[in-house]
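Since the structure comes first, as structure tokens, the remarks are kept for the end.
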Amino acid sequence: LIFSIVMMWKSDFLTNVGFLVLGALIAVFTTLLSDAVKRPAQARDLARALYEELADRAARCCIDCEAPWHDYLDMNNCHSGNMDSFRLRKFTPSAPIIYQSTAGQLAILENDAPQALIKFYHFLTAWDRDIKNIAAESQNNKRDVAPDAVQFLARRLHQTLAPGLRAL
């Protein structure tokens with residue numbers, strides 16, 4: 001600002017430079033002020049959209065944990081014939097559309113919300129990956145899912161609950 005005032009005071013050519021610098025400063029300040037005003041509204045809108053998708057994913061994990069996966073935490077309930085690859089693939093979570101498309105904007109959320117979201121989706125992705133891998137292995141071997149794999153998947157699904165609750 002001082003530089004532009006000195007330039008405007010010097011001479012005709014430098015006056016134009018001074019006005020140019022002053023105009024640039026006003027444009028930058030206006031942009032920063034506009035962003036500061038919009039940021040809370042953007043964070044609220046982003047949180048609302050993410051919450052809807054997160055609630056759906058976390059509820060699905062909770063419901064699946066109650067039945068049938070909770071029983072499979074006990075190895076005595078895991079026996080051959082419990083799960084085939086077709087049935088197992090029914091538990092595959094759908095891809096998170098809003099989370100993936102807004103991942104670059106997670107930093108505008110307040111407190112520890114970004115970390116909680118990332119942690120939940122990390123566990124959800126691990127659950128998804130393990131379902132697909134174990135179902136593919138079962139299908140390739142033309143047999144039911146092994147009891148130890150069923151118990152592993154039950155533990156993996158239960159690992160999504162605490163991060164899901166924290167993210168909500």
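- No salt bridge links R60 with D56; every basic N to acidic carboxylate O contact stays at or beyond 4.0 Å.
- Residue I97 qualifies as open at atom CD1: its count of foreign heavy atoms under 6.0 Å is 12 or below.
- Between the side chain of S34 and the backbone N or O of T30 there is no donor-acceptor pair closer than 3.5 Å.
- A chain of hydrophobic side-chain contacts below 4.5 Å, direct or via other Ile, Leu, Val, Met, Phe, Trp or Tyr residues, connects L168 to F120.
- The distance from the CG atom of L88 to the CZ atom of F86 is 11.5 Å, given to the nearest 0.5 Å.
- A heavy-atom distance below 4.5 Å is not found between the side chains of E137 and N140.
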Before you tell me yes or no, could you show the steps for H70 and C65 under side chain to side chain contact (heavy atoms under 4.5 Å, CB included), namely the whole-Å CA-CA distance, both residues' side-chain angles and the distance that decides it to 0.1 Å? CA-CA 5 Å; H70 181 72; C65 273; 5.5 Å; no
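- With rounding to the nearest 0.5 Å, the separation of CG in D64 from NZ in K90 is 12.0 Å.
- A heavy-atom distance below 4.5 Å is found between the side chains of I134 and F152.
- A donor-acceptor contact shorter than 3.5 Å is absent between the side chain of Q42 and the backbone of I108.
- Counting heavy atoms from C-beta on, the side chains of L109 and L117 come closer than 4.5 Å.
- In this structure, CG on L124 lies 5.0 Å from SG on C61, to the nearest 0.5 angstrom.
- Between L50 and L106 the shortest side-chain heavy-atom distance falls below 4.5 Å.
- Within the 4.5 Å cutoff, the side chain of P68 has heavy atoms near those of the R87 side chain.
- Residues I98 and A49 come closest through the heavy atom pair CD1-O, 3.7 Å.
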Would R143 and D84 count as a salt bridge (charged side-chain N to carboxylate O under 4.0 Å, His left out) here? Give the steps. CA-CA 7 Å; R143 61 179 178 168; D84 61 7; over 6 Å; no
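- Other residues, nucleotides and ligands contribute more than 12 heavy atoms inside 6.0 Å of the CD atom of Q100.
- Here the closest heavy-atom approach between residue V145 and residue S138 is recorded as N-OG, 3.6 Å.
- Ring-plane geometry between F91 and W69 is classed as perpendicular, the angle between the planes exceeding 60 degrees on a 0 to 90 degree scale with a lower cut at 30.
- A heavy-atom distance below 4.5 Å is found between the side chains of W127 and L153.
- Put simply, OH on Y99 and CG on L54 are 10.5 Å apart, with the number rounded to the nearest 0.5 Å.
- Taking the side chain as every heavy atom from C-beta outward, L73 and Q151 never approach each other to under 4.5 Å.
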Could you go through R39 and D35, starting from their C-alpha distance and side-chain angles, then the distance that decides it, and tell me whether this counts as salt bridge (charged side-chain N to carboxylate O under 4.0 Å, His left out)? CA-CA 6 Å; R39 189 175 176 104; D35 286 347; over 6 Å; no
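- In this structure, the separation between CG on D128 and OG1 on T92 is 6.0 Å, given to the nearest 0.5 Å.
- Once rounded to the nearest 0.5 Å, the distance linking CG of D130 with CZ of R156 reads 4.5 Å.
- Side-chain heavy atoms closer than 4.5 Å link hydrophobic residues (I, L, V, M, F, W, Y) into clusters, and following such links, even through other members, never connects Y72 to M75.
- A heavy-atom distance below 4.5 Å is found between the side chains of T160 and L157.
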Could you walk me through whether R57 and E53 pass the salt bridge (charged side-chain N to carboxylate O under 4.0 Å, His left out) check? CA-CA 6 Å; R57 300 303 185 279; E53 183 175 68; 3.7 Å; yes
